[in-house]
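Take a look at the structure below.
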Amino acid sequence: MPLGKLDSKSVEEKWAKVWREEGAHAFDAGSGKLFYVIDTPPPFPTGEFHMGGVLNWCYIDFVARYKRLRGFEVLFPQGWDCHGFPTEVKVEEKYGRLPRNEFVEKCVEWTRDVISTMRPQMNQMGFSIDWAREYYTIAPEYHEAVQYSLLKMFDEGLVYRGNHVVLWCPKCESAIAKAETDEFHRETVLNYVWFGKDKELLVATTRPEMLHACVGVFVHPSDERFKDFIGKEVEVPLLKKKVRIMSDAAVDKEFGTGAVMVCTFGDSQDVLWAHRHSLPVIDAFNERGELINAGNYSGLSVKEAREKIVVDLKADGRLEKRESLQQMVKVHDRCKSPVELMRSSQWFVKTKEFKQEILEAAASIKWTPEHMFQKFRDWTENLEWDWCISRQRMFGIPLPFWYCGECGKVYAAREKDLPVNPAIDEPPVKECACGGKLVGETSICDGWIDSSITPLIVAGWPHDFDERLYPGALRSQGTDIIRTWAFYTIFRCMKLAGEVPFKEVLVNGMVCGEDGKKMSKSLNNYVEAKDVLEKVGVDALRQWAALAGSTGKDNQFRWKDVNYAQSFIRKLWNASRFVEKASEGYSPGDEEYRVVDRWLESRLNQTIERVSKAMESNDFYAALTELHSFFWHDYCDNYLEDVKYRVYGGDAQDRKGAQATLVKALKAVLEMVSPFAPFTASEVYSKLFGGRIMEWPENGFVDDKALLLGKALHDALSLVRQQKADKNLALNAPLDEVSVELPMDLVDEFADVSDDLKAVSKAETITVNAGQSAEVKVIIR
RNA sequence: GGACCCGGAGUCGGUUGGUAAGAUGCUUCCUUUACACGGAAGAGACACGGAGUUCGAUUCUCCGCGGGUCCACCA
C-alpha cells in the first residue's frame, strides 16, 4: 500500500493500537540492556489534560523515545496523585456532606472516573508509558508505603507532634493549606494608637482587636526616632499589661509610625517575629473566631471586638487618628471568609536542621537548565520552620499515629498492621505507659507526603525494592513545584534510602497563553490539548512542545508554531511520497554516486551529529530546528530538485546513486524525528522500509570538498532562479546557456556538478569561468 | 518587597566576545510529473537605557526601566 494522502487521524489511531498490542513501551527488566528510569510526575486527576501537562509529558516522551533508540531499557511509569482538597470540594458539591467513610468512597469513585478520561488522552498523545507500571496514591499498597515511610522517619526522630501555628478558617472551622487561599483586596482602616501610660509611643495597626494578644512592639534597629525605646517596656492601652520594645530589621520604617505591635497571631509576619524572638504565645481566638484571653472582650467575634475596641480607645483618648488603607487579605477559596492564623496541635517533619545536607544532595544532581538549582537553593536556605504534614481533612492518607490523651506520648502503628486508619482502628497498645487513654489521630497527610516518595515507589519500595531502579536516571517536572515536589522528594528519599533519588532533573517552564501570561482559565488565555487536536495532528502538537522555547523557559502557546509543525508533517509526508515513487524498483548494488550525493550525505552526517548532541543535553528546540532545517532546505528544496532528472531519466547506476542517497537520508530523518513525531515517522517508515524504527542513526563522513561544491552548485541555482523570476520565466523554463563565474580554486572541480546544474536549470550549455571574488556569479541566456 | 528568567526585524524568537539563525507576516514571480495547507526571489532589526571590563559586546559585570515566574506581603 503506497502512502497516499496524509490522514493524520487514521495514522494516529493505527499506531496507538499497534504500540498497545505489541507492548512496545513495556519495561523488560530482563532485557540485559542498560536501564533508564524516569520519575514522572503523578498528576492530580482533574479531568482534562492541559497544555502544561502536554509540555511536561512531551519532554519526558522525547527523552524516553530517544533513549530507547539509543539502546536503553526505558522505564516510563505513570502515577496519579489522587488525594486533595479540590476533589473533596467537587464531591461535596455533588453529594453534600456525607459521613466520613462514605465521603471518602465517593472521592475515590470520582477520582477513578476522572483518571479513566485522562488515560486515553495520554495515549492519544503518544506518550510511551508502560501502563503496567501505573500507580495510584489511593491504593492500599501506596497508603502502606507512605505510612511505612513515616514510621521509619518517626523512628529516626524526624517526625514529631507539636503545637504550632496553622492557617485556619473560622467559618469552616478547619485548618487549610496555603494553596487553598485566595487573595482578596479590600479597603481597611489603619488605626494610630498611643501605647504607654503617658502616650509614649504611637503604633499603627489594622487589627486593634488583637491588642489582648500583643506580646511586644517592634521598631527598626536603625530608626533614630526610637533609639531610646529599644529594650524598654511599654503599657498596652486598655489593658494593664506591659510589653517589651524590640528591634527587627524586617520593620518598615516608612509604614505607619515605624513602630509595630506583635500579636503572635494576626498575620504571618507576627508569627515569624514571635518565633524568631521567642516571644510568649497568647491564643487570640477559638476555632469559631471568637476572642479568648481578652478579658471583657472575650466571646466577641473579631468584627464585633474591633468595633468595640475602637470606640473604647477613642473614649480613652488613645486613638490618635484613623486612615484608610488598601490591603490584601487571604480568604478561604471556598467560603471567601478571611483566614486567621491559629495555634493547634499538628504533625511535623524536621527539615530545618537538614538544610545543609539537602543542599549538598541537590547539588550532586544535574539540573537542566542549571539555574533551576538556584531556585532550589533559595528555597532551602530560607526555610524558617519545619514541614507541617497534617491536614484536618478526609480524603488522604491517615497519619499512622496515636497519642496519649494525658501525657501526649506518641505511639506509632505496628508495621504489620499497615495500612492503618487510627481514626477507627485499634491502637497498637491498650493504654499509655502513664495509664492515659490513647487517641487515634484523625488528620491525614499533606499531599506532598504522598508524592515525595515516587522514585521509591517506581522501584518497588518497600517490599519489592529493586535496587537497579534506584536512583533513577531522570526526574522531570515543572518549575513551579521545585520547592515542593523536588524539595520534599530529595529530602525524603535521602532519609529513607540514603541516596539521592535521581541523577538528573529536567525542569520545564510554565505554559503561557498567546498574551504572554501563564495560562489560566481566569485570564481567558486558556487552550486545551483537545482544542489544538481538533485543528492539527498529535505530531504537530508534540512538536510545539519543542518549538515553544528552549528548555526551562516559559513557553508561550502560539498557533503559528503549531501550524508550522503541521506543515512540517505535511512536508515530511509529501517528500516521502516522492521518495517512495522515486525509489521504486531500487535494489542495492552498482550505485554510482555523484558529488551532490556526497554533499547531501555530508550534510546529513553533520545534522546527525548536531541533533544527537542537542538530544543528549535535553535541548529539544535545537534538535528539532536542526532537523527541520536540514530536511526542509537541504533535502527537499535542494536535493530533491537536484536528483529529479536522474530518477526520472539518467542511466541505471546514476539513478541508483540518487535513490540510495534519498533513501538513506530519509530513513535517518525519520529515525531522528520519531521522538517528536512518532506517529507520522512510524507510518512512513513502515510503509517505505517495513518494520519499526528501532535505532538512532550513526553519523559518518563529512566531505568538505563536497560541501563546498554543493554550496557553489546551489548558490548558482539560486541565482538562476532569481534571474528567471526577474524575467518572469517559469522555473522550468528552458535556457540556452548558463554562464557561471566561480572562485579560482573551484573552477576545475565544478565539472563534477556542472551536469547537475545543467539539468536542474534546464540549460542547453554551461560555461564556467574563473572570477576574482569568492562569490558565485551567474548569467543566463 | 525578595529571588530567578527575559527585553533583538510588524510579531515570535535560537545561538554567539568580533556587527545577528529560523518561523510568521509583508512584496513580487511561478500551476515545475512529492507538496498551492506549495515553490522561487525580495524588502525588513545595528540587539531596552546608562556605566564598566575588553583591542572589540547583542553576547560578560553593575545600575535603572519594562515584562514574566515563584515566594513574601506591611503591622
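Every value quoted in this text rests on a predicted model; they were computed, and no experiment measured them. Quick note: numbers below take in every heavy atom, side chains included, and nothing from hydrogens, waters or symmetry partners. By convention in this document, chain letters (A, B, ...) are assigned in the order of the sequence lines, proteins followed by strands, and residues within each chain are numbered from 1.
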Taking only distance into account, with no hydrogens and no angle test, what donor-acceptor pairs under 3.5 Å do side-chain atoms of residues 617-624 of chain A form with protein atoms, sequence neighbours excluded?
{"unit_1": "A/Ser617", "atom_1": "OG", "unit_2": "A/Lys613", "atom_2": "O", "d": "3.2"}
{"unit_1": "A/Ser617", "atom_1": "OG", "unit_2": "A/Ala614", "atom_2": "O", "d": "3.3"}
{"unit_1": "A/Asn618", "atom_1": "ND2", "unit_2": "A/Glu504", "atom_2": "OE2", "d": "2.7"}
{"unit_1": "A/Asp619", "atom_1": "OD1", "unit_2": "A/Ala622", "atom_2": "N", "d": "3.2"}

Quiz item: Taking the six-membered ring for Trp, are A/Phe557 and A/Trp559 ring centroids under 6.0 Å apart?
Solution: yes

Quiz item: Base, sugar-phosphate, or nothing: which does A/Asp637 touch, judged by heavy atoms less than 4.0 Å apart?
Solution: sugar-phosphate

Practice problem: Taking atom C1' in both B/rC48 and B/rU58, compute the distance separating them and give it to the nearest angstrom. | Solution: 12 Å

Exercise. Indicate, yes or no, whether a donor-acceptor pair under 3.5 Å links the base of B/rC35 to the side chain of A/Lys571.
Key: yes

Exercise. Please check the phosphate of B/rG14 (OP1 and OP2 only) for any side-chain N or O of A/Lys553 closer than 4.0 Å.
Key: yes

Exercise. Please state the C1' separation for the pair B/rU27 and B/rA9 - nearest whole angstrom.
Key: 16 Å

Quiz item: Which is true for A/Cys636 with a 4.0 Å heavy-atom rule: it touches a base, it touches only sugar-phosphate, or it touches nothing?
Solution: base

Practice problem: Scan A/Lys724 against the nucleic acid and name what it touches under 4.0 Å (heavy atoms): base, sugar-phosphate only, or nothing. | Solution: nothing

Quiz item: From the list B/rC37, B/rG13, B/rC71, which nucleotide is the closest neighbour of the side chain of A/Arg570?
Solution: B/rC37

Practice problem: Pick the P atom in B/rG66 and in B/rG44, then give their distance to the nearest Å. | Solution: 33 Å

Self-check item: Results of side chain to side chain contact (heavy atoms under 4.5 Å, CB included) for A/Thr380 - residues two or more places apart only
Solution: A/Lys355, A/Ile358, A/Leu359, A/Phe376, A/Phe487

Self-check item: OP1 or OP2 of B/rC71 under 4.0 Å from side-chain N/O of A/Arg483
Solution: yes

Protein N or O to nucleotides 41-45 of chain B N or O, pairs below 3.5 Å:
{"unit_1": "B/rA41", "atom_1": "OP1", "unit_2": "A/Ser718", "atom_2": "OG", "d": "2.8"}

Quiz prompt | From B/rU33, B/rA75, B/rC12, nucleotide with atom closest to A/Gln556 side chain | solution = B/rC12

Quiz item: For A/Tyr635 and B/rG39, what is the distance between atoms OH and C1' respectively, to the nearest whole Å?
Solution: 18 Å

Practice problem: Whole angstrom is fine here: how far is it from CZ in A/Phe373 over to C1' in B/rA3? | Solution: 14 Å

Practice problem: Report the distance from atom CG of A/Leu572 to atom C1' of B/rC37, rounded to the nearest whole Å. | Solution: 15 Å

Practice problem: Would you mind reading off the distance between A/Lys375 atom NZ and B/rG2 atom C1', rounded to a whole angstrom? | Solution: 13 Å

Exercise. Check whether any side-chain heavy atom of A/Leu313 lies under 4.5 Å from a side-chain heavy atom of A/Pro237, and answer yes or no.
Key: yes

Quiz item: With side chains defined as the heavy atoms from C-beta onward, is the minimum distance between A/Met210 and A/Thr205 less than 4.5 Å?
Solution: no

Quiz item: Once you round to the nearest 0.5 Å, how far does OH of A/Tyr488 lie from CD1 of A/Ile481?
Solution: 12.0 Å

Practice problem: Might you confirm whether atom CD of A/Glu323 has over 12 heavy atoms from other residues, nucleotides or ligands at distances under 6.0 Å? | Solution: yes

Quiz item: What is the distance, rounded to the nearest whole Å, between atom CG of A/Asp480 and atom C1' of B/rU69?
Solution: 9 Å

Quiz item: Expressed in angstrom and rounded to an integer, what is the separation of A/Met519 atom CE from B/rU69 atom P?
Solution: 13 Å

Quiz item: Got a sec, which residues hit side chain to side chain contact (heavy atoms under 4.5 Å, CB included) with A/Glu616, two or more places apart in sequence or on another chain?
Solution: A/Tyr66, A/Lys67, A/Arg70

Practice problem: Would you indicate which nucleotide in B/rG38, B/rU69, B/rA3 comes nearest to any side-chain atom of A/Asp554? | Solution: B/rU69

Exercise. State which of B/rC35, B/rC70, B/rG14 makes the closest approach to the side chain of A/Ser550.
Key: B/rG14

Practice problem: Kindly indicate whether the side chain of A/Pro2, heavy atoms from C-beta on, has any atom under 4.5 Å from the side chain of A/Glu580. | Solution: yes

Quiz item: When the aromatic ring centroids of A/Trp573 and A/Phe578 are compared, is their separation below 6.0 Å?
Solution: no

Quiz item: Does A/Arg558 or A/Val262 map to a spot on RNA chain B nearer the 5' end, using the closest nucleotide for each?
Solution: A/Arg558

Practice problem: Only counting residues at least two apart or in another chain, list the ones meeting side chain to side chain contact (heavy atoms under 4.5 Å, CB included) with A/Met372. | Solution: A/Trp367, A/Pro369, A/Lys375, A/Thr479, A/Ile482, A/Val507

Taking N or O atoms only and anything under 3.5 Å, show me the protein contacts with nucleotides 21-26 of chain B, one pair per line.
{"unit_1": "B/rA21", "atom_1": "N1", "unit_2": "A/Tyr621", "atom_2": "OH", "d": "3.2"}

Quiz item: Contact class for A/Asn574 (heavy atom, under 4.0 Å): base, sugar-phosphate, or nothing?
Solution: base

Practice problem: Describe the nucleic acid contact of A/Leu640 in one word from base, sugar-phosphate, nothing, applying a heavy-atom distance below 4.0 Å. | Solution: base

Quiz item: If pairing requires Watson-Crick or G-U wobble contacts with both distances under 3.5 Å, which nucleotide is the partner of B/rU61?
Solution: B/rA51

Practice problem: Taking only the side-chain heavy atoms of A/Leu731 (C-beta and beyond), determine which of B/rG13, B/rC35, B/rA40 contains the nearest atom. | Solution: B/rA40

Quiz item: Does a nitrogen or oxygen in the side chain of A/Lys517 sit under 4.0 Å from OP1 or OP2 of B/rG68?
Solution: yes

Practice problem: Rounded to whole angstrom, note down the C1' distance from B/rC12 over to B/rC26. | Solution: 15 Å

Practice problem: Report which part of the nucleic acid A/Ala575 touches: base, sugar-phosphate, or nothing (heavy-atom distance under 4.0 Å, all strands). | Solution: base

